[in-house]
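For reference, the structure is listed below as structure tokens.
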There are 2 protein chains.
Amino acid sequence: MSKIGPLDTAVSLDSYECTIAVECCVFGFQDNVLKILLVKRSIEPFKDYWVLPGGAMNEGKTLPESIEEVLSNLTGIRKIALEQVACYSNVERHPIKRVVSVSYYALVKPEDYPVIPKNYISDIMWFEIGDVPELGFDHNRLLTDSLSKLRDNLRQNLVFGELLPDLFTLKELQELYENILGERLDRRNFRKKILQMGLLVPTNEKKAGVKGGPELYKKK
Amino acid sequence: MSKIGPLDTAVSLDSYECTIAVECCVFGFQDNVLKILLVKRSIEPFKDYWVLPGGAMNEGKTLPESIEEVLSNLTGIRKIALEQVACYSNVERHPIKRVVSVSYYALVKPEDYPVIPKNYISDIMWFEIGDVPELGFDHNRLLTDSLSKLRDNLRQNLVFGELLPDLFTLKELQELYENILGERLDRRNFRKKILQMGLLVPTNEKKAGVKGGPELYKKK
DNA sequence: CCCTTTCTGTGTATAAATTACATAGAAATA
DNA sequence: TATTTCTATGTAATTTATACACAGAAAGGG
């Protein structure tokens with residue numbers, strides 16, 4: 001007989017408890033491709049597998065606070081905008097113990113978090129989104145879901161967080177969109193649409209070193 | 001010093017555990033208004049407050065399975081389509097113990113679950129969405145978030161789950177949309193749009209008792 | 001039974017948004 | 001300085017969304 005009934009909604013004091021984990025898809029845009037920050041596990045289970053950065057929610061912390069703590073410890077990333085994606089509760093998703101995970105995504109400027117140069121056998125690395133290996137746990141699924149949500153948000157709101165440097169050209173912005181959405185956009189129409197949203201301000205500076213002398217923009 | 005670090009991602013075996021609850025916004029459409037199923041608590045905390053039906057996730061069950069169990073016990077509702085909404089982790093959201101809640105919503109035909117007639121001081125009742133009282137815990141917030149998500153989904157996909165009886169007129173469907181979206185729709189344009197989606201099939205039957213003799217449709 | 005009321009069902013003209021598309025000028029490179 | 005490669009820009013065509021009016025069907029009342 002279940003403990004749950006009409007006169008005992010919500011939870012009772014002796015209810016079952018389990019570990020809650022937070023996992024974060026940290027997206028960055030670099031070398032003209034969308035990248036994802038992964039860490040390599042050094043312990044079982046899934047030793048030597050790449051996974052999303054994450055960890056247990058701690059006592060006295062909310063889920064976003066726990067994410068911030070995890071990312072801060074792993075990467076120095078702090079104070080970023082997080083978007084909750086979904087909650088995963090399959091019983092066997094962690095081979096050793098019951099763990100329910102809540103996933104978030106974040107958009108950061110990779111330039112701000114130089115974890116890349118740590119050579120290619122590091123325990124933390126940016127992966128091109130097309131080159132993500134088989135991840136530990138169900139993290140490929142989490143990543144797919146986060147990417148879908150990112151695409152949806154981008155398509156609807158045309159917001160791109162902190163994926164680009166402070167100053168950028170419209171071409172760079174367009175390439176960001178094309179990469180994330182996975183489709184090619186018309187240059188003139190894109191420019192028209194994005195400018196009439198009034199979220200960008202031109203700086204009257206031109207980007208040096210590139211033919212045509214494109215104007216640099218910044219976020220309003 | 002936090003237990004979380006780059007070499008200890010995901011969770012360790014002795015990580016902090018807490019109770020996970022599921023809460024469900026069960027929406028129904030009746031008497032031409034959107035309704036929400038609430039239950040009245042008979043125990044502290046929030047004794048005599050109305051809250052969303054919910055309960056603790058049980059060992060060996062996923063979150064959706066736990067929802068189904070809760071709803072089945074409370075209302076006889078079974079096998080319904082659930083949509084995950086969000087996860088709530090504020091430390092003080094439950095006054096007695098730490099509880100993280102995951103919310104879902106469901107769309108049901110109230111005709112199938114006759115909990116309404118149980119007179120008006122029952123412990124389970126349908127409320128008009130405009131007449132929802134102050135709920136226990138943070139459930140007003142959960143309800144607001146679920147309703148937003150429902151509206152978004154309705155606007156984008158024009159799906160309405162099991163909110164209507166098997167056979168319904170286009171007018172009834174339109175009123176459902178108008179009620180949920182909170183805006184008035186043009187009759188001809190609505191009809192045109194919804195029909196060209198190809199999700200409805202006409203039955204060649206007319207609804208009796210209503211002037212004009214409107215045709216009955218069903219879902220494909 | 002008929003008149004009135006209230007609902008259903010339908011099409012078109014207009015406005016708005018999206019798409020497709022080509023050329024002249026600026027900066028870099030050789 | 002000639003060439004290459006990029007930037008910047010407007011308009012026509014198409015598609016989509018919006019506004020809107022009248023004839024027919026069923027119910028209700030006298």
Side-chain angles (χ1 to χ4, degrees), chain A residues 29 31-33 151-160 164-219, chain B residues 29 31-33 151-160 164-219:
Chain A
F29 191 69
D31 305 328
N32 234 3
V33 286
R151 286 196 175 119
D152 286 349
N153 287 345
L154 201 66
R155 233 182 278 268
Q156 283 173 37
N157 314 319
L158 299 185
V159 286
F160 48 97
L164 286 176
D166 290 332
L167 298 181
F168 49 87
T169 66
L170 289 183
K171 172 135 208 234
E172 288 167 337
L173 183 58
Q174 180 177 345
E175 278 167 341
L176 167 67
Y177 274 81
E178 291 180 333
N179 259 284
I180 297 180
L181 297 180
E183 62 191 64
R184 191 148 278 284
L185 304 173
D186 179 85
R187 192 150 53 91
R188 278 173 287 190
N189 295 335
F190 176 79
R191 157 184 296 274
K192 193 194 307 172
K193 186 166 197 168
I194 205 97
L195 284 179
Q196 79 185 10
M197 299 186 68
L199 301 173
L200 300 185
V201 291
T203 63
N204 289 325
E205 292 176 60
K206 302 199 159 195
K207 175 147 189 170
V210 43
K211 295 170 179 174
E215 179 154 30
L216 286 165
Y217 288 79
K218 62 180 176 183
K219 292 186 82 171
Chain B
F29 191 69
D31 304 328
N32 233 4
V33 285
R151 285 194 175 122
D152 286 349
N153 286 345
L154 201 65
R155 231 182 279 270
Q156 284 172 37
N157 313 320
L158 298 187
V159 286
F160 48 98
L164 287 176
D166 290 332
L167 297 183
F168 49 87
T169 67
L170 289 182
K171 171 133 209 239
E172 288 166 337
L173 183 58
Q174 180 178 344
E175 279 168 339
L176 167 67
Y177 274 80
E178 290 180 334
N179 259 284
I180 297 180
L181 297 180
E183 63 192 66
R184 192 148 279 284
L185 303 173
D186 179 85
R187 194 153 52 93
R188 278 174 286 189
N189 294 336
F190 176 79
R191 159 183 296 273
K192 194 193 308 172
K193 186 167 195 169
I194 206 98
L195 284 180
Q196 79 184 9
M197 298 185 69
L199 302 173
L200 301 184
V201 292
T203 63
N204 289 325
E205 293 176 59
K206 301 200 160 194
K207 175 148 190 169
V210 43
K211 297 171 178 175
E215 179 154 31
L216 287 166
Y217 288 79
K218 61 180 178 182
K219 295 185 81 173

Q.
Return the CZ to CG distance between A/Phe160 and A/Leu199, rounded to the nearest 0.5 Å.
A. 7.5 Å
**Q.** Distance test, side-chain N/O of B/Arg191 to OP1/OP2 of C/dG9, below 4.0 Å
**A.** yes
Q) Given atom CD of A/Glu172 and atom P of D/dA8, what is their separation to the nearest angstrom? A) 11 Å
Q) With respect to B/Thr169, which candidate in B/Glu175, B/Lys207, B/Lys206 satisfies the side chain to side chain contact (heavy atoms under 4.5 Å, CB included) definition? A) B/Lys207
Q. How would you label the contact of B/Lys206 with the nucleic acid (heavy atoms, under 4.0 Å): base, sugar-phosphate, or nothing?
A. sugar-phosphate
Q) Can you tell me how far P of C/dG9 sits from CG of B/Asp186, to the nearest Å? A) 15 Å
Q | Separation of atom NZ in A/Lys193 from atom C1' in D/dG10, rounded to whole Å | A | 18 Å
Q. Picking from D/dT7, C/dA22, C/dT10, which would you name as closest to the side chain of A/Pro214?
A. D/dT7
Q.
Using every non-hydrogen atom in the two residues, find where A/Ile180 and A/Arg151 come nearest and quote the distance to one decimal.
A. O-NE, 2.5 Å
(Q) With hydrogens left out and only the distance checked, is there a donor-acceptor pair under 3.5 Å joining B/Arg187's side chain and the base of C/dG9? (A) yes
Q.
Measuring from the side chain of B/Arg188 (C-beta onward, heavy atoms only), which nucleotide among D/dA21, D/dA26, D/dC6 has the closest atom?
A. D/dA21
(Q) In whole Å, I'd like the distance from the CZ atom of A/Phe190 to the C1' atom of C/dA17. (A) 17 Å
Q: Round to a whole Å and report the spacing from NZ of A/Lys171 to P of D/dT5.
A: 12 Å
Q. If every non-hydrogen atom of A/Val201 is compared with every non-hydrogen atom of A/Lys219, which pair is closest and at what distance?
A. CG2-O, 4.4 Å
Q: Send over the distance from A/Leu216 CG to D/dC6 C1', rounded to a whole Å.
A: 14 Å
Q) Side chain of A/Lys211: nearest nucleotide among C/dC21, D/dA19, C/dT29? A) C/dT29
Q: Report the distance from atom CD of B/Glu215 to atom P of D/dG24, rounded to the nearest whole Å.
A: 19 Å
(Q) Output the rounded distance in Å from CD (B/Gln196) to C1' (D/dT18). (A) 14 Å
Q: List the atom of A/Leu154, the atom of A/Val159, and the distance in Å for their closest heavy-atom pair.
A: CD1-O, 2.8 Å
Q.
Checking contacts here: which listed nucleotide (C/dT12, D/dC20, C/dC7) is nearest the side-chain heavy atoms of B/Lys192?
A. C/dT12
Q: Would you mind telling me which of C/dC7, D/dG10, C/dG11 lies closest to the side-chain atoms of A/Asn189?
A: D/dG10
